[in-house]
S.K.: 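Got a structure here, written out as structure tokens. Questions coming.
The structure displayed is predicted, hence computed values, not measured ones. To find a chain, count down the sequence lines: A is the first, B the second, and so on, and within it residues start at 1. FYI, side chains are in, hydrogens and waters are out, and symmetry mates aren't considered; it's all heavy atoms of this structure.
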2 protein chains.
Amino acid sequence: MDLKTQTRYNARAEIVKAIAHPTRLFIVDELAGGEKCVCELTKMIGADISTVSKHLSILKNAGIVQIDKRGTQVFYQLKCPCILRFFDCVESVLKETAREHIAIVD
Amino acid sequence: MDLKTQTRYNARAEIVKAIAHPTRLFIVDELAGGEKCVCELTKMIGADISTVSKHLSILKNAGIVQIDKRGTQVFYQLKCPCILRFFDCVESVLKETAREHIAIVD
DNA sequence: ATTTTTATTGGCTATTTGGCCAAATAGCCA
DNA sequence: TGGCTATTTGGCCAAATAGCCAATAAAAAT
């Protein structure tokens, strides 16, 4: 694998890694319904606000979300809703795996 | 966030984490063109075969690939080619980010 | 001007991940 | 059987990740 190919896959992996966390998947799913501020997300998630803020900055640095500051609040919104289509695929992997496990038991 | 929701997102994250690595993204991309055995992939990747084998087992445990043993070789193939569609989205995030960076310089 | 609210950053620890090497396993052929 | 090839597994270490708390920043309200 040459350097250029490697660099390309590194860049892609950075983006995938950004959503490879339960909390961040949840955030992306929530943002699908429209922008939310940090405190709203924090309430839903139930972790420390500093933790949620760090998750959001990971998503922002990956270019997946963008921010809009209004007053003391910061609103996050999805930049590429195409990510949501991927969730259907993840879901189908889960369903297929579940089906196979059932088949073994039966 | 209740326990059930948390469990659901944990399961999803396991799958996303499985492809959140440059080498594993490369493997998935290669398998898009048809099954490959461990040694073929190892040659392309240029890492230790044990390293490649571990990457493959991560993909297998996540339910993304399946194996077919023939003789001494183990062939891996994509189980859910829908993952490939997601790559287009990753690519568009990268392009958009690049465009913004250029806009700052201009 | 001080306080309050909202959010980010730094520091710390615990855990997970990724890579290599060495050892073990499994099938094939002489 | 013994040797060869292909693959997996275990052990170890270095690096990255995730979470909390405390400290800081910035805008709004009193």
Side-chain angles (χ1 to χ4, degrees), chain A residues 1 3 5-7 9-28 30-31 35-77, chain B residues 1 3 5-7 9-28 30-31 35-77:
Chain A
M1 182 152 47
L3 188 62
T5 309
Q6 219 167 318
T7 307
Y9 282 99
N10 281 342
R12 289 179 182 173
E14 282 311 306
I15 293 173
V16 181
K17 275 199 277 183
I19 58 168
H21 187 286
T23 301
R24 296 197 291 268
L25 284 175
F26 175 81
I27 290 171
V28 170
E30 283 302 320
L31 295 186
E35 61 165 26
K36 297 248 177 333
C37 74
V38 182
C39 59
E40 283 178 292
L41 291 167
T42 300
K43 260 178 233 146
M44 292 189 251
I45 292 164
D48 195 281
I49 189 170
S50 71
T51 301
V52 175
S53 176
K54 279 179 186 172
H55 282 308
L56 286 165
S57 95
I58 288 169
L59 290 172
K60 184 168 60 115
N61 289 335
I64 293 165
V65 300
Q66 59 190 9
I67 63 169
D68 182 25
K69 298 190 183 189
R70 297 206 291 277
T72 62
Q73 290 176 300
V74 179
F75 290 86
Y76 280 78
Q77 61 178 293
Chain B
M1 183 150 48
L3 189 62
T5 308
Q6 218 167 319
T7 307
Y9 281 99
N10 281 343
R12 290 179 183 174
E14 282 311 306
I15 293 174
V16 181
K17 275 198 277 183
I19 57 168
H21 188 284
T23 301
R24 297 197 291 268
L25 284 175
F26 175 82
I27 290 172
V28 170
E30 282 304 320
L31 296 185
E35 61 166 26
K36 298 249 176 335
C37 73
V38 183
C39 60
E40 284 177 293
L41 290 168
T42 300
K43 260 178 234 147
M44 292 190 250
I45 292 163
D48 195 281
I49 188 169
S50 71
T51 301
V52 175
S53 175
K54 278 180 185 169
H55 282 308
L56 286 165
S57 96
I58 288 169
L59 290 172
K60 183 167 61 114
N61 290 335
I64 294 165
V65 300
Q66 59 190 8
I67 62 169
D68 181 25
K69 297 189 183 190
R70 296 206 292 277
T72 61
Q73 290 176 298
V74 179
F75 290 86
Y76 281 78
Q77 60 178 290

S.K.: Quick one: does A/Ser53's side chain have a donor or acceptor within less than 3.5 Å of a partner on A/Ile49's backbone?
M.R.: no
S.K.: Here's a test of your reading of the structure: between A/Glu14 and A/Ser50, which maps to the more 5' nucleotide of DNA chain D?
M.R.: A/Glu14
S.K.: Taking only residues two or more places apart in sequence or in another chain, which ones pass side chain to side chain contact (heavy atoms under 4.5 Å, CB included) with A/His55?
M.R.: A/His21, A/Thr23, A/Arg24, A/Ile27, A/Thr51
S.K.: Going 5' to 3' on DNA chain D, which nucleotide is the first and which the last to come under 4.0 Å of a heavy atom in chain A?
M.R.: D/dT17 to D/dA28
S.K.: Which pair of heavy atoms, one from A/Asn10 and one from B/Pro22, lies closest together, and at what distance?
M.R.: OD1-CG, 3.1 Å
S.K.: For residues 15-27 of chain B, which residues have at least one heavy atom under 4.0 Å from DNA chain C?
M.R.: B/Lys17, B/His21, B/Arg24
S.K.: Map every base of DNA chain C to its dot-bracket character, where paired means a Watson-Crick or G-U wobble contact with both distances under 3.5 Å and | marks a partner outside the strand.
M.R.: ||||||||||||||||||||||||||||||
S.K.: Side-chain donor-acceptor pairs under 3.5 Å in residues 36-48 of chain B, sequence neighbours left out?
M.R.:
| residue | atom | partner | partner atom | Å |
| --- | --- | --- | --- | --- |
| B/Glu40 | OE1 | B/Cys37 | N | 2.9 |
| B/Thr42 | OG1 | B/Val38 | O | 2.7 |
| B/Asp48 | OD1 | B/Ser50 | N | 2.9 |
| B/Asp48 | OD1 | B/Ser50 | OG | 2.8 |

S.K.: Assign A/Tyr76 to base, sugar-phosphate, or nothing according to its heavy-atom contacts below 4.0 angstrom with the strands shown.
M.R.: sugar-phosphate
S.K.: In residues 57-70 of chain B, which ones come under 4.0 Å of DNA chain D, going by heavy atoms?
M.R.: none
S.K.: Any idea which heavy atoms bring B/Tyr76 and B/Leu31 closest together, and the distance?
M.R.: O-CD2, 3.4 Å
S.K.: Using whole Å, what does the distance between atom P of nucleotide C/dG11 and atom NZ of A/Lys54 come to?
M.R.: 11 Å
S.K.: Looking only at heavy atoms, which two atoms of B/Ala18 and B/Leu59 are closest? And how far apart?
M.R.: O-CD2, 3.5 Å
S.K.: How long is the straight-line distance from NZ of B/Lys17 back to CD1 of A/Ile19, given to the nearest 0.5 Å?
M.R.: 13.0 Å
S.K.: Considering the options A/Glu35, A/Gln77, A/Lys60, which one meets the side chain to side chain contact (heavy atoms under 4.5 Å, CB included) requirement together with A/Ile67?
M.R.: A/Lys60
S.K.: Atom CD of A/Gln73 to atom P of C/dT5: distance rounded to whole Å?
M.R.: 13 Å
S.K.: On DNA chain D, compare the nucleotides closest to A/Thr72 and A/Asp48; which residue's is nearer the 5' end?
M.R.: A/Asp48
S.K.: Enter the distance from A/Phe26:CZ to B/Arg12:CZ here, rounded to the nearest 0.5 Å.
M.R.: 10.5 Å
